[in-house]
Visitor: 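Here's a structure for you.
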Amino acid sequence: MTNHFDPDVMVATWLDEGPSTLPDVARQVIVASIHLTPQRRDGLGPIRWVSTRNNAPLGIATAAVLGLLLLGAGVYFVGGGRPGVGAPPTPTTSPTPRASDAAASPVPIAEATPDFSSLTGTILLEHVGSALDGSEADPPNPPNDTRRLYLMDRDGLREFSPYPPIKAAPDWSPDGRRIVYTDADYAMATKIFEAVDGEAHMLSTSCDTCNEDYPDYSPDGTQIAFVSWQPRISDPFIAIRDLASGTITPLPTTASDVGVGFPEKPRWSPDGTRIVYALVQRQQFGRPGRKQPTIASELRIVDVATGVVTRLDVGMDQVGDASWFPDGSRIVFADRPLYSFGRLSTHDIYSVRPDGSDLRRLTEDGASAPSWTPDGRILFVRTAGSADGEPVVGTDGLWVMDSDGSDAAPLGEALPDLLSTANGAVVSAYWQP
Amino acid sequence: MRARLVERARQGDESAFTELIDLEGDRCFAIAYRILRDVERAQDAVQQALLLAWRELPRLRDPERFEVWLHRLLVNACYDEARRYRRWSLRIRELPVDGPSAPDPTVSVDDRDVLERAFLQLSPEHRAVFVLHHHVGLPLATIAEVVGVPIGTVKSRLHHATRNLRAAVIADEPGATEARPA
């Protein structure tokens, strides 16, 4: 005699139980994400190549740089002065007059007067490595790529918020009241957050596994440009989010057309019509907060209205940290940018016209991460050589210089010690507008 | 009609693809849930599969093959999701939005627990074959196409999964005897 137990019926019954309807929220997210996912087709649209290699002004400038380097080397090493770098540039900004502006020649580094005492406003610092407060003296797995944000003003230094530590790629809103930055959510996807009056909220509304990074406010503060990607589904590309409506406009032409590539650090032009960014090729895509060494990178400019991409060949194989001069006439950038945080050799700051002409080198002593002060000067991270010849990131702290590379001066004498630890340093800084 | 929608979506028509989501979304979710046994991860897998389908649609040569092709993307997404979950095992799980359907009285709470554990011990590949055959009702040849293995492998996986589940249920019923002869 058998009972009524039939394992196959039981399994079949159990299998049919459970939800069979895609939740509305999930459907809405998918439908919204379609708009953010360009279809894979041949070609990416019009791309224009602008080369400076055949550019006569660059040849002249290069020759001038080499000549002046040779002439100025002795002065630099003997007298502590800073050699000229190419033909005198045309001023492109009108910074607030300072006492040193009266001097006809660049201020020697040794005599530069720190102006940290006159600091007004707040500087937002992006830091990589062990915490500045010493709470994480020995990173468990060096090199420690943990990123934190700090705020620095005349009252001192404070961490942007204590948790979680993976915060990066910050930007001030034009009115100086809001900060956007990226962080990882519970699923370890990179999301964009906005902090207003000490309260942060997530701006990213796309799917769980969608990543958003490198936010940048538009000049009028109503939009942000950012990099969007979903592993295995969409290649990274730049998109624009309208902050009022949440509407997202993708710029699919910014995706890589040279194999695995990642558009990074988009920066709006002052008139809001163009965005400059670096297209970076890394060994592989890492998880949030873990940057892989850069293989190569180049500067590109996308026209927001048409999507037309212009490539800027500046004759260097690793460039980034680009941003526009306040008047839009030029672009400042760094070679071997610090945010890659790989093994660095040399890195310096340059400027170039948006059409790729008139490349100028602004520093020669190891500098990176250029950004802008409210009065139109360049704020940057200065680096120095270590005993074994490898530069130590950020050991010389924050400096400022005029937009033509003159009048370089440290922001404060105590800053190098303040902003560096044995296993970490500030890699970029952003002055409150 | 479906082929026309697929063709329009291939040309980049987002509204056509939205209609395809309405046609296929529930079935995809039902399959993904049964393979993964988790609402949230099933949503992620469906999302991944549908967005991948949208991205790659211009490369689909035959619109009539859309359903099999989509199921293949879905099963692969479930594999990814199952492996991702192993790495990030600490997650907050939400309750199903629409709730489970009314439990069948022929399956007790204990039985469900036993089946759940036994099913999750199967590999995602075995689970996929089992669900596609017993829940969706696909013929073995179609399953072979969807999961991308020979039909013999499908039979083998199906046999292995069925045997394990049956054994788990029987082991949990000490006084029971099989209704069917071995």
Side-chain angles (χ1 to χ4, degrees), chain A residues 1-43 184-189 206-211 228-235 237 248 250 252 255 287-288, chain B residues 10 12 14 17-18 21-22 25-30 33-34 37 39-40 42-44 46-48 50-52 54-59 80 88 91-92 96-104 106-107 111-112 115-116 119 130-131 134-135 162 165-167 169-170 173 175-180:
Chain A
M1 180 178 175
T2 61
N3 63 15
H4 296 291
F5 171 67
D6 184 333
D8 292 343
V9 170
M10 185 181 291
V11 170
T13 305
W14 167 80
L15 191 63
D16 286 339
E17 290 179 0
S20 293
T21 306
L22 182 67
D24 282 345
V25 174
R27 180 194 170 280
Q28 288 165 12
V29 168
I30 295 169
V31 170
S33 299
I34 292 171
H35 189 52
L36 268 179
T37 307
Q39 286 188 315
R40 193 188 288 273
R41 299 180 187 279
D42 293 335
D185 68 358
Y186 70 93
M188 297 304 289
S206 46
C207 64
D208 276 0
T209 54
C210 293
N211 292 270
S228 170
W229 79 101
Q230 192 173 9
R232 301 182 301 278
I233 291 180
S234 70
D235 295 330
F237 58 90
I248 294 174
R287 64 177 187 270
Chain B
R10 280 184 67 203
E14 294 180 11
F17 195 75
T18 302
I21 291 173
D22 291 338
D26 287 349
R27 181 138 107 148
C28 286
F29 178 73
Y33 172 77
R34 277 153 187 83
R37 310 301 301 175
V39 170
E40 196 177 322
Q43 289 179 36
D44 284 350
V46 171
Q47 177 180 287
Q48 184 178 326
L50 287 171
L51 292 182
L52 196 56
W54 163 252
R55 192 188 78 165
E56 300 293 334
L57 204 47
R59 296 181 174 186
D80 284 350
W88 304 102
R91 289 184 60 170
I92 297 170
V97 174
D98 54 352
S101 55
D104 190 303
T106 61
V107 187
D111 292 334
R112 284 195 191 86
L115 283 167
E116 193 86 21
F119 191 74
F130 190 83
V131 169
H134 287 293
H135 181 68
T162 307
L165 291 174
R166 191 183 290 166
V169 172
I170 291 171
E173 296 278 341
T177 58
E178 288 192 64
R180 295 176 188 174

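Labels below follow one simple rule: chain letters A, B, ... track the order of the sequence lines, proteins then strands, and each chain is numbered from 1.
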Visitor: Which heavy atom in A:P19 sits nearest to a heavy atom in B:V39, and how many Å separate them?
Guide: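 For A:P19 versus B:V39, the nearest heavy atoms are CG-CG2, 4.0 Å.
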Visitor: So which heavy atom on B:F130 is nearest to which on A:V11, and how close?
Guide: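 Heavy atoms only, the tightest pair is CZ-CG1, 3.4 Å.
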Visitor: Identify the heavy atoms of B:L51 and A:I30 that sit nearest to each other, and give their distance.
Guide: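 That would be CD2-O, 3.8 Å.
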Visitor: Rounded to the nearest 0.5 Å, what separates atom NE2 in B:H135 from atom CD in A:E17?
Guide: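 Answer rounded to 0.5 Å: 11.5 Å.
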Visitor: Indicate the atoms forming the closest heavy-atom contact of B:Q43 with A:A26, along with that distance.
Guide: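 Closest heavy-atom pair between B:Q43 and A:A26: OE1-CB, 3.5 Å.
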Visitor: Kindly compute the distance separating NE2 (B:H134) from CG (A:D16), expressed to the nearest 0.5 Å.
Guide: 11.0 Å
Visitor: With rounding to the nearest 0.5 Å, note down the distance linking CZ in B:F119 to CG in A:L15.
Guide: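 Nearest 0.5 Å value for the CZ-CG distance: 6.0 Å.
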Visitor: I'd like to know if the side chain of A:R27 reaches the main chain of B:I21, judged simply by a donor and an acceptor atom lying under 3.5 Å from each other, with no hydrogens or angles considered.
Guide: no
Visitor: Please find the pair of heavy atoms, one from B:F29 and one from A:S20, that lie closest to each other, and give the distance.
Guide: CD2-C, 4.1 Å
